[in-house]
2 protein chains.
Amino acid sequence: MSPSQSTGYHHGNLRTALIDAATELLGREGNAALTLRAAARVAGVSQAAPYKHFSDKRALLAAVAERGYTELHHRCELVAGTTREPHTRLQRLGEAYVRFALENPALFRLMFSAELGSMADHPGLAAAAARAHGLMEDAVRQLVPPSTLETACAGTWSVVHGLACLLLEGRIRLPTGGESQLIHQVTASFVDGLMPDA
Amino acid sequence: MSPSQSTGYHHGNLRTALIDAATELLGREGNAALTLRAAARVAGVSQAAPYKHFSDKRALLAAVAERGYTELHHRCELVAGTTREPHTRLQRLGEAYVRFALENPALFRLMFSAELGSMADHPGLAAAAARAHGLMEDAVRQLVPPSTLETACAGTWSVVHGLACLLLEGRIRLPTGGESQLIHQVTASFVDGLMPDA
DNA sequence: GGCCTTAAGTTAACGCCGTCAACATTTGAA
DNA sequence: TTCAAATGTTGACGGCGTTAACTTAAGGCC
């Protein structure tokens with residue numbers, strides 16, 4: 001019998017079920033609909049049950065965000081694994097980052113929300129975020145001299161993150177060619193600018 | 001007698017007082033402390049009074065955000081007015097943007113928060129945001145050919161916005177030299193990369 | 001100056017939220 | 001088998017956004 005089977009009174013795997021429920025609520029109805037009570041309702045337990053598995057609401061949010069970082073990391077790994085050439089690889093990584101954000105708007109917002117509090121309070125979340133970030137750092141390392149690595153890395157992450165945020169909130173007027181082309185052009189021209197001399 | 005004088009029962013200028021109160025709460029205690037009831041308490045009126053001036057909480061948030069965009073625009077104007085050389089001007093604009101974000105973290109988050117809903121619901125907010133954005137667009141126009149303006153503009157905004165967000169949420173490990181130097185280097189190297197040929 | 005519409009306040013209530021204390025049930029190890 | 005610990009339940013608290021119903025002050029009109 002799987003550990004996720006319910007036995008009537010005891011749920012079996014409520015922690016995971018709550019993260020599932022929260023993720024679903026976030027994806028389907030947005031951040032405002034993601035409440036502890038709603039997650040409990042979806043999971044079919046009482047309002048206070050989540051407190052046996054999460055110290056407070058932020059702990060559940062952190063678990064959802066952690067799953068988001070893991071998924072982002074997974075997608076980036078796929079892209080990195082199928083692209084050898086360093087410029088192209090970094091550029092595709094950037095595109096994958098932005099695409100992930102646009103496909104999971106509420107989740108992406110949560111992953112960078114101040115609601116989560118300090119990363120220090122959620123070690124698992126910090127680790128998952130660091131793994132995702134590490135992929136990009138590796139790709140940058142193959143393009144720039146070590147002396148400029150930190151700046152180049154911060155710059156790369158900033159462009160893709162900023163582009164994701166601005167598109168997500170509808171702050172950028174889309175040019176002819178649409179979203180995909182803008183993403184391609186912005187990431188491509190940034191990666192070109194990274195090279196010491198063109 | 002100024003229109004902001006209270007006459008006992010009637011406040012005199014409650015709308016402005018509520019925006020003041022909300023801005024203060026946001027700055028001193030953060031987003032979570034910014035509630036309609038708290039703003040009303042600070043302004044010294046009852047919990048329902050704000051509804052005579054704002055249709056709902058989001059309308060108050062939009063007014064606060066609008067003020068934020070106006071202040072950001074003001075700061076950027078000062079920088080743009082005192083820097084003639086186009087590269088330097090754009091770079092300083094970027095630095096000013098990031099500095100504004102770091103000095104007003106909660107306000108900056110609100111200005112780009114999905115809580116505000118669509119910009120179409122808040123024309124004043126949209127206009128204030130467009131003015132601030134326009135300054136940057138002008139600076140970019142002096143650096144790149146018209147054919148790449150849109151991409152360059154999106155890229156520029158993305159870097160500075162992304163850098164602001166990541167620093168704000170403590171996601172970037174600070175190199176030796178600290179925040180200011182990182183901001184300077186990232187913006188400078190991006191502006192350098194903008195030029196058609198170095 | 002008195003009247004009366006209306007803008008701008010008030011109080012009281014509704015349902016929802018996060019959270020906690022007190023209690024109930026199930027599980028598994030001694 | 002017994003009993004402690006883990007995992008559930010109910011019911012309550014205060015705070016939130018929001019609304020309805022009521023009260024007060026301001027300002028134009030005769």
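All values below come from the heavy atoms of this structure, side chains included, with hydrogens, waters and symmetry mates left out. What you see is a predicted model; the values in this text were computed from it and never measured.
With a 4.5 Å cut-off on side-chain heavy atoms, B:R92 and B:T88 count as touching.
Within residues 38-60 of chain B, the residues that place at least one heavy atom under 4.0 Å from DNA chain D are, in residue-number order, B:R41, B:Q47, B:A48, B:Y51, B:D56, B:K57.
Distance, A:R37 CZ to C:dC20 P: 13 Å, rounded to whole Å. A:E29 has its CD atom 11 Å from the P atom of C:dC17, to the nearest Å. As rounded to whole Å, 10 Å separates atom P of C:dC17 from atom CG of A:L25. Protein atom CG of A:L18 is 12 Å distant from nucleotide atom P of C:dG18, rounded to whole Å.
Looking at A:R109 and A:E115, no side-chain N of the basic residue comes within less than 4.0 Å of a carboxylate O on the acidic one, giving no salt bridge. The residues B:D20 and B:R15 are annotated as not salt-bridged, no charged nitrogen and carboxylate oxygen being separated by less than 4.0 angstrom. At a threshold of 4.0 Å, the pair B:R99-B:E179 does not count as salt-bridged, since none of the basic side-chain nitrogens sits closer than that to a carboxylate oxygen. Under a 4.0 Å N-O distance rule, the pair B:R89/B:E85 does not qualify as a salt bridge.
A:T148 contributes a side-chain N or O that, together with a main-chain N or O of A:P145, makes up a donor-acceptor pair within less than 3.5 Å.
B:T35 has no side-chain polar atom (N or O) that falls below the 4.0 Å cut-off from OP1 or OP2 of D:dG15.
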